[in-house]
Structure formats: C-alpha cells, structure tokens
Number of protein chains: 2
Amino acid sequence: MLRYAILELLHHKPLSGYDLRRRFGGSIVFFWKANHSQIYPELKRMENEGLLSAKRVPHEWRPTKKVYAITPKGQRDLEAWLRRRPKLQSVKDEMMLRCFAFHLVPADEADAQIRHHRDLHEERLRHYIAIRKDLERKHGRLLETADPILFWNVLTLRQAIAHERTYIAWCRWALRRHQAFRDRMERGHAHLAG
Amino acid sequence: MLRYAILELLHHKPLSGYDLRRRFGGSIVFFWKANHSQIYPELKRMENEGLLSAKRVPHEWRPTKKVYAITPKGQRDLEAWLRRRPKLQSVKDEMMLRCFAFHLVPADEADAQIRHHRDLHEERLRHYIAIRKDLERKHGRLLETADPILFWNVLTLRQAIAHERTYIAWCRWALRRHQAFRDRMERGHAHLAG
DNA sequence: ATAAACATGTAAACAGTTACATGATTCT
DNA sequence: AGAATCATGTAACTGTTTACATGTTTAT
C-alpha cells in the first residue's frame, strides 16, 4: 500500500526519500504514515520493478540527493490500483480492546484511560483543524475550489476531522455512562446494606 | 496485541484455538480480527512464555481439542498492559488514500468507488445493529445493565456503530460535494465556450 | 560548542494475510 | 455423494516499527 502513496506523491513531482518522508507529515498524514526506514527500501524495490527512475542530484554544499521520478509503468500501476474495488479493511483498535477488558481494572483507572485517550484525540483534532486553516489561508473557501487535487484533499481532511470528533464524543459519552453505572452500583449496595 | 485479546477471552473461561477463532467472529470483531493461522502459533508462544497452560481434551467421537487456560502470570501480564498509557495509533485508511488520488480517474469511477465503499459500510453497520438487537433480546435494556463485562462490551459496540455511521455520512456528503464540483466545472466550461 | 535540520541507509523484531495441508464428523 | 463444520497446524509473503549507524550543513 505504501507504494501507492509514494506513486501518488511522485505523480505531482520528483522527490527524494527525504522529501517524501516530510510529505508523510503533511496532508497525507490523515490516513497514512511512514517512517524513513520503510521509505528508502521501498523506493529501491520500486526502482528495480521499473515503477520509478532515480537520479543523483549533487548540491554544491549539501549532501547529494537521490531524486525519484514516476515512470509510465508506475503511472499505469497507480491507475490500475485506483480502479480496483477493495474489500473493507478489518478494524484494529487498541483502545477498544482495552475498553473491552476494563472490567478487570478499578473504575478510576478506566476513567483515567478514557480521559487520556480523549486528550490525545483532541490534540490530533486541533492539529487537523490547524492544517485546514492553513489551506483556507492559501486557497480561500475550500469547498468552492476548482482544483481537483485540492478538492479531493479537502474531502479526506473532512473525513479525518469527522473521525476525530466522533471519537472524542464517544469518550465523553463513555465517561458519563460510566459515572451513571458507578452510581447505580453504589445505590444497589446501599440498598442491600440498609 | 493479539495476545491481550486472547488473554481477555481466556480470562472468562478456557478455550481451544478453534473456539477462540470463533470468538473473533463475535463481539470482539468490532475492534479486532484474527485468522486461525495467527492464533495457533501465538497460543504456542504464549504457552512457552508461561502465560497459558494447555490440556489435551479427548472427545469420544470428535477430534481431540487442545484447551488453553490463562495462568496467574498471564493474568498479571494482562492487567499490567491495561494500566499502560498507549500512544495514539497512526491511521491507515486505504479508502482515504484512494480518495486522495481520485483526481487521476474519471469522475464516474470515483463516484462508483465511493458508492461501493458506502455499501460495504452499510452492510457492516447492519451486522453490528443485528448483534446489538441480539444482546438486547438476551439482556434487556443494555445501558441499564449491572454486569460490568456487558457494560464495557456495550460501550465498544456503541463506538463501532458510531464509527460506521460517521463513515457512511461522509460517503453521502462526498457524493453530494462531488456532484456540486462537477456541476461547477461544467458551468465553467459552458461559460468559456459561450 | 551544540542543537536542529539535511540526507540515507541497514538490521532485528514484530504483526498480519494468504495459501497450503490434512483429516474426522455431521448434515442434506 | 457432497457440503459444511469441527479441528489444527505450517510456509511464504507482505507490511510495519524500533533501534542502530553515519555524516554534513546551518543556525544559535
């Protein structure tokens, strides 16, 4: 999958491994992330398969860059992948796995975990909104753009933001529900004791 | 991570690899999935590490089962894991990666992809809601339960359902937005032509 | 001086999917 | 007779993370 993200990025313009790695901290981070230790070997493999062509570009004072460009074969591969109908990805959610097992820890510990998780998602949401503000400053009203690249990027950003908001709302709801559950249990015990 | 899912399931009662695999088609499927080819080797590893104990249980007519039970060490490991504060998982979303590249395919193909994806999520949502109905039939009003295990399970189910609904709503919104984008582009061209 | 950014790689471990492989029992 | 379910494994491949490893340039 990483290779398709790389092909899409190189479709815009040739980039080095280092440049690509920085791109994975930008707009694409909403739905894909990659470390340099995964990027460099993948670029080599893709070059061997004829999807990319590499060129060493020396720079007077700075280290020489190895710049990769997409080949016609790479273009065809990317477009063929876009036309496939993929299956649904299976969900892997560590927080929900923990939540499923929270009956094994004290109630306060469960609350602390949920609050911590909510804070992390709130931070990520703020980051996404900052990126959106940035795009708005540069391009004006995003949903009225005439640029297809920006248009699709804005749609993915919207999905990322909606996803974070849903997660945060769930955390808040779960904390309220848990409080109600604890109150109920306490009253139950009081009743039995009294 | 799989091991903690297994430990949680074995905390309730001892199970064979085959039983565990079926559990991964039940309530836990909302946030974790595992194939038998991953389960069997993992069980062996966990037994070697002293987290589980195995017992061969022969059955008059059916194949002998190898039933695993959680050990005190396994219990401690599970509880220690529950008290850790994990980092946010990085998002990996194939559909959004595709969407990011949809400027490379014809608009109708992009629409077909989004509709297909919406259908898949709608099916998954129906499946989750069927599971919830089942739980309601068995246990009555789920949010008023006094059983901590059921309580936390219901919270994870709610998150799974909210997640699917957000995704479906995004697909519908994206289709509307894309139609508006296409209309705008057409009017733009008409204007230039006229 | 030293920290941050530029620049590129490898190695080991961990995680997950798909395909291969076998054989009994039960239901239609 | 054939399909479904029970039951357990291995092999090959693909993907991802963390740590190791090195060296330059630029800004403070």
Side-chain angles (χ1 to χ4, degrees), chain A residues 1-7 14-26 28-29 31-49 51-52 54-68 77 81 84 86-94 97, chain B residues 1-6 14-26 28-29 31-49 51-52 54-68 77 81 86-94 97:
Chain A
M1 290 290 312
L2 173 61
R3 61 176 43 201
Y4 300 110
I6 289 174
L7 287 171
L15 297 166
S16 69
Y18 192 80
D19 297 330
L20 278 164
R21 170 216 217 172
R22 271 186 313 182
R23 287 289 193 290
F24 279 102
I28 208 170
V29 87
F31 45 86
W32 217 267
K33 203 217 140 208
N35 302 317
H36 75 281
S37 59
Q38 207 190 345
I39 292 169
Y40 288 113
E42 186 66 23
L43 285 170
K44 226 173 234 176
R45 264 195 301 277
M46 290 167 78
E47 194 194 348
N48 290 337
E49 291 173 41
L51 306 174
L52 304 179
K55 199 167 68 170
R56 289 206 165 269
V57 178
H59 199 289
E60 205 90 343
W61 300 110
R62 286 196 283 176
T64 297
K65 271 187 185 191
K66 204 168 160 189
V67 173
Y68 290 90
D77 254 44
W81 173 73
R84 284 211 288 272
K87 291 186 295 183
L88 265 191
Q89 278 177 240
S90 66
V91 188
K92 294 268 155 98
D93 189 327
E94 182 179 347
L97 182 54
Chain B
M1 291 289 313
L2 173 61
R3 61 177 44 201
Y4 300 110
I6 290 174
L15 297 166
S16 68
Y18 192 80
D19 297 330
L20 278 165
R21 171 216 216 173
R22 271 186 312 182
R23 289 289 193 290
F24 280 103
I28 207 170
V29 88
F31 46 84
W32 216 265
K33 202 218 142 210
N35 302 317
H36 74 281
S37 58
Q38 207 191 344
I39 293 169
Y40 288 113
E42 185 67 23
L43 286 170
K44 227 174 236 178
R45 264 195 302 275
M46 290 167 78
E47 193 193 348
N48 290 337
E49 291 173 40
L51 307 173
L52 304 180
K55 198 169 67 170
R56 288 203 164 271
V57 178
H59 200 287
E60 204 91 343
W61 299 110
R62 286 196 282 175
T64 297
K65 271 189 184 189
K66 204 170 160 188
V67 173
Y68 291 90
D77 253 45
W81 172 73
K87 291 186 294 183
L88 265 190
Q89 276 177 244
S90 67
V91 188
K92 293 267 155 99
D93 188 326
E94 182 180 348
L97 182 54

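Each chain gets a letter, A, B and so on, in the order the sequences are listed, and its residues count up from 1.
- Rounded to an integer number of Å, the gap from B/Q89 CD to D/dT17 P is 10 Å.
- Between D/dT16 and B/S90, no contact under 4.0 Å exists linking OP1 or OP2 to a side-chain N or O.
- Taking atom NZ of residue A/K92 and atom P of nucleotide C/dC14, one finds them 17 Å apart after rounding to whole Å.
- Here the nucleotide nearest the side chain of A/K87, chosen from C/dA11, C/dT18, D/dT16, is C/dT18.
- Taking atom CZ on B/F24 and atom C1' on C/dT17, their separation rounds to 15 Å, with Å as the unit.
- The nucleotide whose nearest atom lies closest to any side-chain atom of B/P41 is, among D/dT10, D/dT17, C/dT17, D/dT10.
- Listed candidates were C/dG16, D/dG15, C/dT10. Nearest to the side chain of A/S37 is C/dT10.
- One can place CD1 of B/I39 at 12 Å from P of C/dG16, the figure rounded to the nearest angstrom.
- The CG-C1' distance, from B/N35 to D/dC13, rounds to 14 Å in whole Å.
- Rounded to the nearest 0.5 Å, atoms CD1 (B/I6) and CD (B/E42) are 5.5 Å apart.
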Checklist entry - What string of B, S and - do you get for nucleotides 3-8 of chain C, 5' to 3', if B is base contact, S is sugar-phosphate-only contact and - is no contact with any protein heavy atom under 4.0 Å? => result --SBBB
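- For A/K44 and C/dA11, the NZ to P distance is 10 Å, given to the nearest whole Å.
- Taking 4.0 Å as the cut-off between side-chain N and carboxylate O, B/D19 and B/K65 count as a salt-bridged pair.
- One interatomic measurement links the two molecules: CE of B/M1 to P of D/dG15, which rounds to 21 Å at whole-angstrom precision.
- The shortest non-hydrogen separation linking B/Y68 to B/A54 is CE2-CB, 3.6 Å.
- Salt bridge A/K44/A/E47: absent, no basic N to carboxylate O contact under 4.0 Å.
- At least one donor-acceptor pair under 3.5 Å links the side chain of A/Q89 to the backbone N or O of B/K92.
- A straight line from CZ of B/R45 to C1' of C/dA15 spans 9 Å, rounded to a whole angstrom.
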